[in-house]
Enquirer: 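This is the structure I want to talk about, given as structure tokens.
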Amino acid sequence: QVLTFSEKPSVVVNRKKYVNFVKECFLERRKKISNKAKKLQLLNEFKAYFEANNLSLDMRAEELTPENYQGLFMFCEKKGSL
């Protein structure tokens with residue numbers, strides 16, 4: 001399955017920053033998303049978002065939906081972490 005940007009995300013304000021965030025998450029897609037969170041220094045934000053959405057930090061990048069990425073990005077941005 002390929003993640004493509006067929007249209008601009010409706011609620012993401014900074015598209016370039018969002019695309020870079022998703023690309024960064026996919027750089028090591030076979031690693032658990034928790035490892036990427038540590039590298040991005042966003043572990044607390046990822047934990048909070050994943051717990052609130054009943055997701056596991058043991059997931060891999062390709063297992064998240066585009067909606068998950070958009071929500072995660074907006075959550076981190078709202079917390080001032082991005």
Side-chain angles (χ1 to χ4, degrees):
Q1 184 176 5
V2 176
L3 180 66
T4 59
F5 298 98
S6 58
E7 58 184 65
K8 289 184 178 180
S10 58
V11 290
V12 173
V13 176
N14 189 334
R15 180 176 165 79
K16 184 177 180 180
K17 198 175 191 181
Y18 173 68
V19 170
N20 287 335
F21 174 77
V22 173
K23 282 182 183 180
E24 183 67 33
C25 289
F26 270 89
L27 283 178
E28 301 171 45
R29 64 181 168 171
R30 293 301 306 154
K31 298 278 188 185
K32 292 179 183 177
I33 201 73
S34 60
N35 291 332
K36 183 49 68 176
K38 289 175 192 172
K39 283 189 175 184
L40 294 172
Q41 298 180 343
L42 295 171
L43 187 57
N44 291 335
E45 290 81 352
F46 275 50
K47 277 184 184 177
Y49 177 81
F50 276 65
E51 286 176 11
N53 290 282
N54 296 320
L55 299 170
S56 170
L57 278 172
D58 290 333
M59 295 175 78
R60 301 183 189 287
E62 66 267 15
E63 295 177 305
L64 296 172
T65 66
E67 292 79 19
N68 293 143
Y69 278 108
Q70 189 173 10
L72 181 59
F73 174 79
M74 291 177 3
F75 182 81
C76 290
E77 195 170 49
K78 187 177 183 181
K79 293 282 186 181
S81 302
L82 293 176

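Every heavy atom of this structure was used, including side-chain atoms; hydrogens, water molecules and symmetry mates were not. As the structure is a computational prediction, the values presented were derived from the model and not from experiment.
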Enquirer: Between Phe75 and Phe50, is the gap from one ring center to the other below 6.0 Å?
Expert: no

Enquirer: Roughly how far apart are Lys31 NZ and Arg60 CZ, rounded to 0.5 Å?
Expert: 9.0 Å

Enquirer: Using 0.5 Å steps for rounding, measure from the CD atom of Glu62 to the SG atom of Cys25.
Expert: 12.0 Å

Enquirer: Ignoring hydrogens, what is the shortest heavy-atom contact between Leu42 and Cys76? Give both atom names and the distance.
Expert: CD1-SG, 4.3 Å

Enquirer: Check whether any side-chain heavy atom of Met59 lies under 4.5 Å from a side-chain heavy atom of Ser56, and answer yes or no.
Expert: yes

Enquirer: Just to verify, what does Lys78 make a side chain to side chain contact (heavy atoms under 4.5 Å, CB included) with, not counting sequence neighbours?
Expert: none

Enquirer: State the CZ-CG distance between Phe46 and Leu57, to the nearest 0.5 angstrom.
Expert: 8.5 Å

Enquirer: Once you round to the nearest 0.5 Å, how far does CD of Glu77 lie from OH of Tyr18?
Expert: 11.5 Å

Enquirer: To the nearest 0.5 Å, what is the distance between CD on Glu67 and CG on Leu72?
Expert: 13.0 Å

Enquirer: Which heavy atom in Tyr49 sits nearest to a heavy atom in Leu55, and how many Å separate them?
Expert: CE2-CD1, 4.1 Å

Enquirer: Where do Ala61 and Ile33 come nearest, in terms of heavy atoms and distance?
Expert: CA-CD1, 4.4 Å

Enquirer: Does Glu51 reach the main-chain N or O of Ala48 with its side chain, forming a donor-acceptor pair under 3.5 Å?
Expert: no

Enquirer: Name all residues meeting the ring-ring contact (aromatic ring centres under 6.0 Å, His included) criterion together with Phe21; count only those two or more places apart in sequence or in a different chain, and write none if there are none.
Expert: Phe73

Enquirer: For residues 32-43, which residue pairs qualify under salt bridge (Lys or Arg N to Asp or Glu O under 4.0 Å), counting only residues two or more places apart or in two chains?
Expert: Glu24-Lys36, Glu28-Lys36, Glu28-Lys39, Lys32-Asp58

